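What follows is a single structure, written as structure tokens, with notes after it.
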2 protein chains.
Amino acid sequence: MLNSYSSADKVLLAVDCIIFGFDNDGLKILLIQRDFEPEKGKWSLIGGFLKRDEVLDAAATRILNTYTGLNDIYMEQLHAYSEIDRDPVERTISVSYFALINIENHNAELIKNYHAEWFPINDAPNLIFDHNEMVENAIKRLRYKTSIKPIGFELLPEKFTMRQLLELYEAILSKELDKRNFISKINSLEILNKLDEKDMQSSRKGSYLYTFNKEKYEEKLLNNFVLNL
Amino acid sequence: MLNSYSSADKVLLAVDCIIFGFDNDGLKILLIQRDFEPEKGKWSLIGGFLKRDEVLDAAATRILNTYTGLNDIYMEQLHAYSEIDRDPVERTISVSYFALINIENHNAELIKNYHAEWFPINDAPNLIFDHNEMVENAIKRLRYKTSIKPIGFELLPEKFTMRQLLELYEAILSKELDKRNFISKINSLEILNKLDEKDMQSSRKGSYLYTFNKEKYEEKLLNNFVLNL
DNA sequence: ATTTATTAATGTAGATTTTACACTTACATA
DNA sequence: TATGTAAGTGTAAAATCTACATTAATAAAT
């Protein structure tokens, strides 16, 4: 009977984390080499099992930390994957989570100690189980999110140039954007502070640095703005 | 250890179905009265447990059919809910699914036999567990979906008037729409067939009936159109 | 001191899309 | 044949989006 708890089947519930990162080389994804069977040695998303006394969000955070040392990463739930044989060992349903982080802010050392590695999004190895599908879906969501939130700022250093911001969006959307139109659209959101300071790395002229204005952003967010790039 | 299947905790996995329907009285939701403890007699989403040899999509379909007799309803996965005590009997994670159906096409008799009932979306009873939250999130998704798919057609009779279509969208978005602008936006999609036939119920003049042109719609869908109402 | 090379910064006109808005038409009923 | 009711229809102004090229600032080289 359906209305009976006792006769219902229990299953393993896993969480898999899709961590996107950005640095000067573009958009990347964080993967680990499995250190246990099955598929030991193959590349995989960062994953683990939900504990009985833990909510899914907490499991995702714990698992990410366990395998990478990363802390305080806000992840968003994406989708539950439930194909019968997706994990050959035992019936396992997996819930995917994703996040976007700034690679440079997140101690590369720690990640190294844990055997996690960044791969360019367009040059990543084949993954175990249904992890490739999970990543594809996460990329779609990431693209969608750029249109409703200025999500990219989390991926940049605190002070950044317009060019960096442009290149970030180009990497996420994988298309070229018109520089002038991009700048005026971003400016029209009024969520950036233009500093007096310039970044002199990139050119002789130097380019102005900006910071993200969190207060103004929160304000905007209430109005459900849309950003068409 | 995380890398051990045998030591991982197993949990119950449930599915809850949020079924939206539309008829001349507006947008409704399908609920049932629990016939077992806990919360027996209270109103609830249509839900049940995943079986070991079943994928989530199939479980949602089976459970919906078991409690309502409804068949061939395409549902879409929404979100996994995992609060520790969301179900007081036993640790249960629930994955929500939602669908939109045409109330008149789906034999009210069958639903009656199964004690399921339609409630106006704005006048539904309080629900058990976290089901209210599930419904709220489903409504948000429903609104979003109107902007990227002409999703509403599934809710109307095969032949419908522009007014019916307009009222459907107004119910989903819960805002008034300009009649002329609505019609021209819908027409510009070129996914309707205007029939020679008129519906004489609504007025002396009568209003033209339309059908949904599935082929043209499939064509459009490839181009990821957006419908800004 | 002057030239050169490099990237940053900036504005606009035309095209497209969106919005706001009111009168006429067709028909059944009285 | 007059009346009442909802259906059907078009446009001008505003807003947004797109495509596009020149000048400015500076460091390095001469």
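In what follows, chains are A, B, ... by sequence order, proteins preceding strands, each numbered from 1. These figures come from a predicted structure and were not determined experimentally.
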message = Looking at A:S184 and A:N181, would you say the former's side chain and the latter's main chain have a donor-acceptor pair under 3.5 Å?
response = yes
Can you give me every donor-acceptor pair (side chain of residues 163-170 of chain A, partner residue at least two apart or in another chain, under 3.5 Å) with its distance?
from	atom 1	to	atom 2	distance (Å)
A:Q164	OE1	A:T161	N	2.9
A:E170	OE2	A:L177	N	2.8

key: Neighbours of DNA chain D within residues 196-204 of chain B, by heavy-atom distance under 4.0 Å   = B:S202, B:S203, B:R204
Donor-acceptor pairs under 3.5 Å, side chain of residues 126-134 of chain B to any protein atom, not counting sequence neighbours: which ones?
from	atom 1	to	atom 2	distance (Å)
B:N126	OD1	B:N132	ND2	2.8
B:D130	OD1	B:R86	NE	3.3
B:D130	OD1	B:R86	NH2	3.0
B:D130	OD2	B:R86	NE	2.7
B:H131	ND1	B:L45	N	3.0
B:N132	OD1	B:L127	N	3.2
B:N132	ND2	B:L127	O	3.4

For nucleotides 16-22 of chain C, which of its nitrogen or oxygen atoms have a protein nitrogen or oxygen under 3.5 Å away, and what is each distance?
from	atom 1	to	atom 2	distance (Å)
C:dT19	OP2	B:K185	NZ	3.1
C:dA20	N7	B:N181	ND2	3.0
C:dA20	N6	B:N181	OD1	3.1
C:dC21	N1	B:R180	NH2	3.4
C:dC21	N3	B:R180	NH2	3.2
C:dC21	N4	B:R180	NE	3.3
C:dA22	N1	B:R180	NH1	3.2

ask   = A:Y208 or B:K205: which one's nearest nucleotide on DNA chain C is closer to the 5' end?
value = A:Y208
inquiry  = Is the distance between the ring centroids of A:Y97 and A:Y74 under 6.0 Å?
reply    = no
query = Are A:N65 and A:Y114 linked by a side-chain donor-acceptor pair shorter than 3.5 Å?
reply = no
query = Among pairs that include at least one residue of residues 185-199 of chain B, which meet side-chain hydrogen bond (donor to acceptor under 3.5 Å, both in side chains), considering only residues two or more places apart or in two chains?
reply = B:K159-B:E197, B:N193-B:T211, B:N193-B:N213
query = Side chain of A:Q77, backbone of A:V95: donor and acceptor closer than 3.5 Å?
reply = no
inquiry  = If you count heavy atoms of other groups shown closer than 6.0 angstrom to CD of A:E76, is the number above 12?
reply    = yes
task = Could you check A:L30, A:D16, A:I18 and say which one makes a side-chain contact (heavy atoms from CB on, under 4.5 Å) with A:I46?
result = A:L30
request  = Whole angstrom is fine here: how far is it from CG in A:L209 over to P in C:dA8?
outcome  = 12 Å
request  = On the 0 to 90° scale, with breaks at 30° and 60°, tag the A:F225-A:Y217 ring pair as parallel, tilted or perpendicular.
outcome  = perpendicular
Span of DNA chain D in contact with chain A (heavy atoms, under 4.0 Å) = D:dC17 to D:dA28
